[in-house]
Amino acid sequence: MQQKYNPQTIERDAQQFWQTRDSFRAVEGGGKPKYYCLSMFPYPSGKLHMGHVRNYTIGDVLTRYHRMKGFNVLQPMGWDAFGLPAENAAMANGVPPAQWTWDNIAYMRKQLKSLGFAIDWSRELATCSPDYYRWNQWLFLRLLEKGIAYKKTQVVNWDPVDQTVLANEQVIDGKGWRTGATVEKREIPGYYLAITKYANELLSALDTLPGWPERVKAMQANWIGKSYGVRFAFPYTLDGKAEKLWVFTTRADTIMGVTFVAVAAEHPLAARAAQGNAKLAGFIDECKRGSVMEADLATMEKKGMPTGIFVEHPLSGEKIEVWVGNYVLMSYGEGAVMAVPAHDERDFHFARQYQLPIKQVIDIEGQAFSTNGWQEWYADKERGVCKNSNKYNGLKHSAAVDAIAADLAAKGLGEKQVLYRLRDWGVSRQRYWGCPIPIIHCASCGDVPVPDKDLPVVLPEDCVPDGSGNPLNKRADFVNCSCPKCGQPAKRETDTMDTFVDSSWYYLRYACADSKTAMVDERVNYWLPADQYIGGIEHAILHLLYSRFWSKAMRDLGLVKLDEPFKNLLTQGMVLNEIFFRKPAAGRITYYNPADVDVSVDAQGNRSGAVLRADGQPVESGGIGTMSKSKNNGVDPQALIETYGADIARFYMMFTAPPEQTLEWSDASVEGAARFLRRVWSLGFEAAQRGKVALPATLPATLAAARRELHAVLKQANYDLGRHQFNTVASAAMKMLNTLEGVLKGGNDDAVNAVLHEGTSMLLRLLSPITPHIGHQLWIDLGYGSDMLDAPWPEPDAAALIESETELVVQVNGKKRGDIRVARDAGKAAIEAAVLAHPEVQKFMAGQPAKKVVIVPGRLVNVVV
RNA sequence: GGGCGAGUGGUGAAAUUGGUAGACACAAGGGACUUAAAAUCCCUCGGCGCAAGCCAUACCGGUUCGAGUCCGGUCUCGCCCACCA
């Protein structure tokens, strides 16, 4: 055994040991309760970043902890391997995306292994492998049969940089989620998945997920956006034909206040009105081209134009004019709204802009309505009652809605409707590096599904994209085929699937990654749902919603017995670092990596300045931000692992912040973690020299106190592990080390060494989920066993925690004035007497009688004067 | 505009149901060891005060014997959604 802590050799040996023994292979069954610990799989971008290290360290801590607690644990790993970066890299380097991707996977797998994660590598999968994506295609065909997948032509979000369609969820602030390019609108045919059929279940089942953060559930509920309202029609006659203009409203109670109707620029009625109306046609064109930036939209001036078409109010029969309004969305509801300027803020501003009538139909007692300016209460549906509304006068919101909906229904002009904000999920992408959509286009048979026997439709792996659209279109050997129905020459679909399809079910495939004959098998029902899912908050909506939908769809196909795929969700915080830059008078900002900047501090420890090491000149601080290429503030995990080793990197990650919070990078704190593990090693070395000694029946008081402290800290640490607060578990390990070093200095007799050994064995096991390598080695060196993974989780000894005397804090009027030691079983009267006799207490009571004495057992006594 | 969350030393952070605020660290300062440095070890470390003590968990108020924690209000920051009818 070496006296000096040498992480490199220790870690290499431990990893070899685990590999030789195949320690982390998970096998179904065996009588233990199962624990499926799942981390979001990485995109193989080239190398790991700190976010990955943090994510997988959290997963590994939970994995190893549960394993020692007696669970049958599965921790798998795979690769979200399709996607655009591979195409961009291919263009930059002239290498096919497949090769780039597989090279990256090989490198990142090596990195993950060097971090010592307890992963069952036999279940590894990559979504770009035909063995995996054939099942995307297979399931897509099943969904097509069920009508959940369907084709339609629709106005879509078009990313001009990536040259592809984006789902609504992938448009952020009017920009592509990946490229940041301003999204355009285009009309394109594509395949859609009817996620809206599951809207209600996706929403209501959120209540069955107590192990999910409220924040994520709120975001999903918000996104699904359930609204209760009334869908109804304004009848009209055009070109001699009776027609209906449908609208949706959540405020049917204000229906008697309708003074105009507004339709979206894309609405068919707008197009009809624009015929022979060049001015209107021009306006509609302007609206369609207009910005889709939400920030712009929210502040954009209300613009509109009358169509000259009039409709009839369904209840009053009044003539109402139809306007085209730039604030009406074609994609929500009917693309048309009833406008009630008196009680809707947008309608109000629009009406004022164009001098349209404003008619108050909701009254709140004591509030005076005015058309001069908008007041919050105009839209208050809780307090108001109907007025100027004939037979509905005096009714409150819900009663009025009921009555009006009933009257509309009686006329066949409307009914109550539940509407969702959620849209169907467009999955066609005009990209090469993705899963081919298994469809063949035949001139006579139309769109024909590829027969199951011909799956997978294999993506050619030797294409090099050149930026001019999808290279598959130029691959005659891929495109040309024969129609499965009639045998005539046909064309293969060249669109590929959204990569979110790949990641919507990979967690199921881990359970049966070797299955050649089926997408999933019975083993899925053993492992799923995942007991713990860990990943970034950025997937709160997209990936997690799609995955929930996908597993429900598979359930309804009878493939899995599963309502929800992820029982508990932990959203880990981001890894941040300082930002330094210089902004020349002219030219672009340059960012400098914090590793190249020297920061000086004054005597109080306050920051006094920062200079670039290379030239000694000052740089400006840009605060703290997520590690990113654009801010040049990333720290490469590889350098960290090579300099310090996996255990120190892992310990630092766990100690610095609780898992859900952001983690601010600090080189000095990494050094602190290294210091701690060196001390652990020294302690282990010393303990090994002294030899193992069994605990005697009785211990001297100081050793009993030390032992009590060790067990009390362990008790708290176990509690903290249960609630995933790993930073205080790391703190607990530090406290135990401090205590044990004190014990060590107390002498070198059997009693000392007995406490030392018991404490060290507890410490190593408590640390082992976080720093498994050092634990593995010391466990052997100290003679506790040959494989720490087989050791039981340490539990505090209740007997060690018992004290003959307890210390109570003494307060007078809620302020601490001292403390007393009393017998553990001291009665109330004895405690009270002891406290009242305490000199500090007497001093602060200043001769006044005690009004009341509050005793909190085992904690404190408060004397009220 | 709507929703959710958070504000504690120079810094990262602790404080389970209301019960000793700042555990455990980092940084800083002082000291020991050393020819010297690194490493290691010891001490100090929220503010004011010589001290007794007082003040301190964004701010104001409330409940309570007792509030970082509960309630009401204000301010600031972060995230998500957003002309969703």
Side-chain angles (χ1 to χ4, degrees), chain A residues 4 172-173 213-223 225 227 229 247-251 254 262 294-300 302 325-329 331-340 344-347 349-350 376 419-422 537-538 540-541 599 601-607 655-658 661-673 675-676 678-679 682 713 716 719-720 722-723 725 727-728 730-735 737-738 741 745 807-819 843 850-856 858-865:
Chain A
K4 193 168 170 285
I172 295 150
D173 290 340
E214 287 305 320
R215 193 153 90 92
V216 173
K217 287 191 277 186
M219 279 161 70
Q220 293 217 347
N222 218 339
W223 188 264
S227 294
V247 299
F248 174 81
T249 181
T250 55
R251 292 302 306 271
T254 65
E294 272 87 5
D296 292 351
L297 287 173
T299 54
M300 199 160 38
K302 298 278 174 292
N326 66 345
Y327 70 102
V328 184
L329 302 174
S331 50
Y332 183 75
E334 302 294 329
V337 297
M338 69 170 202
V340 184
D344 180 279
E345 188 168 1
R346 293 153 303 182
D347 298 343
H349 292 303
F350 192 88
E376 279 299 310
L419 200 61
Y420 296 93
R421 213 186 69 101
L422 185 70
I537 185 74
E538 66 273 21
I541 297 172
V599 169
V601 289
D602 63 20
Q604 282 78 47
N606 293 316
R607 163 80 53 90
F655 173 68
T656 306
Q661 264 180 51
T662 55
L663 184 152
E664 285 175 38
W665 189 260
S666 155
D667 288 325
S669 295
V670 176
E671 193 49 57
R675 193 148 50 219
F676 168 68
R678 284 195 291 263
R679 281 168 58 204
S682 299
V713 168
Q716 179 66 39
Y719 176 82
D720 288 346
R723 57 174 177 158
Q725 189 171 283
N727 56 325
T728 50
S731 294
M734 289 174 155
K735 288 178 192 175
L737 177 68
N738 289 342
E741 285 178 343
K745 283 174 195 155
E807 192 162 280
L808 294 180
V809 166
V810 175
Q811 296 182 331
V812 178
N813 287 338
K815 280 196 163 47
K816 186 189 171 186
R817 297 303 179 191
D819 34 45
K843 178 176 157 195
K851 240 196 275 179
K852 190 171 164 188
V853 179
V854 181
I855 298 176
V856 183
R859 296 211 93 125
L860 62 69
V861 184
N862 186 17
V863 180
V864 186
V865 182

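For the numbers below, each heavy atom of this structure counts, side chains included, while hydrogens, waters and symmetry mates do not. Letters A, B, ... are given to chains in the order of the sequence lines, protein chains preceding strands, and every chain is numbered from 1.
- Proximity note for A:L860 (side chain, C-beta onward) versus B:A23, B:U20, B:A25: the nearest is B:U20.
- Where A:K745 and A:N813 each meet RNA chain B at their nearest nucleotide, the meeting point lying more 5' is that of A:K745.
- B:A14 and B:G22 are spaced 7 Å apart, taking the C1' atom of each and rounding to whole Å.
- Heavy atoms of A:D347 sit nowhere under 4.0 angstrom from any nucleic acid atom.
- One N or O donor and one acceptor, one from the side chain of A:N862 and one from the base of B:C65, sit under 3.5 Å apart.
- Within the shown strands, B:C71 is the pairing partner of B:G61 under the Watson-Crick or G-U definition, both distances less than 3.5 Å.
- Distance, A:L419 CG to B:C84 P: 13 Å, rounded to whole Å.
- B:C65 and B:U16 are spaced 22 Å apart, taking the C1' atom of each and rounding to whole Å.
- Side-chain contact between A:M338 and A:T254: present, with at least one pair of heavy atoms (C-beta onward) separated by less than 4.5 Å.
- Nucleotide B:A37 has no partner under the Watson-Crick or G-U criteria, as no pair reaches both atom distances under 3.5 Å.
- Along RNA chain B, the nucleotide nearest to A:K852 and the one nearest to A:I537 differ in position, and the one closer to the 5' end is contacted by A:K852.
- Comparing atom distances between the A:N326 side chain and each of B:C83, B:G19, B:A25 picks out B:C83 as nearest.
- Atom-to-atom, NZ of A:K735 to C1' of B:A13 comes out at 12 Å; the value is rounded to the nearest Å.
- A:A668 comes within 4.0 angstrom of the backbone, heavy atoms only, and of no base.
- Between the P atom of B:A25 and the CG atom of A:N727 lies a distance of 14 Å, rounded to the nearest Å.
- In this model, the phosphate group of B:G53 is approached by a side-chain N or O of A:K843 to a distance below 4.0 Å at OP1 or OP2.
- Counting any heavy atom pair closer than 4.0 Å across all strands shown, A:K815 reaches sugar-phosphate atoms only and no base atom.
- When heavy atoms are screened at a 4.0 angstrom cut-off, A:S682 is found touching no nucleic acid atom at all.
- Across the P atoms, B:C45 and B:G30 are found 16 Å apart, a figure rounded to whole Å.
- The distance from atom CZ of A:R421 to atom P of B:A85 is 10 Å, rounded to the nearest whole Å.
- The phosphate of B:A27 (OP1 or OP2) has no side-chain N or O of A:S666 nearer than 4.0 angstrom.
- Of the nucleotides present, none pairs with B:U16 by Watson-Crick or G-U wobble criteria with both distances under 3.5 Å.
- Taking atom CG of A:L737 as the reference point, atom P of B:U40 lies 13 Å away to the nearest angstrom.
- At a threshold of 4.0 angstrom between heavy atoms, the contacts of A:F676 with the nucleic acid are absent.
- A close approach under 4.0 Å does not occur between any side-chain nitrogen or oxygen of A:R859 and OP1 or OP2 of B:G66.
- Residue contacts shown for A:K217 are absent, as no nucleic acid heavy atom lies under 4.0 Å away.
- In this structure, the CH2 atom of A:W223 is 19 Å from the P atom of B:C4, given to the nearest Å.
- Using a 4.0 Å heavy-atom cutoff across all strands shown, A:E671 reaches no nucleic acid atom at all.
- A:E214 comes within 4.0 angstrom of nothing in the nucleic acid, heavy atoms only.
- A:W665 is listed as a side-chain neighbour of A:V670, based on a closest heavy-atom distance under 4.5 Å.
- Anti is the classification of B:G66, since its glycosidic angle lies more than 90° from 0.
- Base pairing of B:A27 is not made with any nucleotide, judged by Watson-Crick or G-U wobble geometry with both donor-acceptor distances under 3.5 Å.
- One N or O donor and one acceptor, one from the side chain of A:K302 and one from the base of B:C83, sit under 3.5 Å apart.
- A:V809 has its side chain out of reach of A:V861: every pair of non-hydrogen atoms, C-beta onward, lies at least 4.5 Å apart.
- Considering only heavy atoms from C-beta on, A:R215 comes within 4.5 Å of A:I537 through its side chain.
- Looking at heavy-atom distances under 4.0 Å, A:V328 makes contact with a base.
- Separating the CE atom of A:M219 from the C1' atom of B:G5 is a distance of 12 Å, rounded to the nearest angstrom.
- When both pairing distances are held under 3.5 Å, B:U8 makes no Watson-Crick or G-U pair with any nucleotide shown.
- Counting any heavy atom pair closer than 4.0 Å across all strands shown, A:K4 reaches no nucleic acid atom.
- Between the CG atom of A:N222 and the P atom of B:C4 there is a distance of 10 Å, rounded to whole Å.
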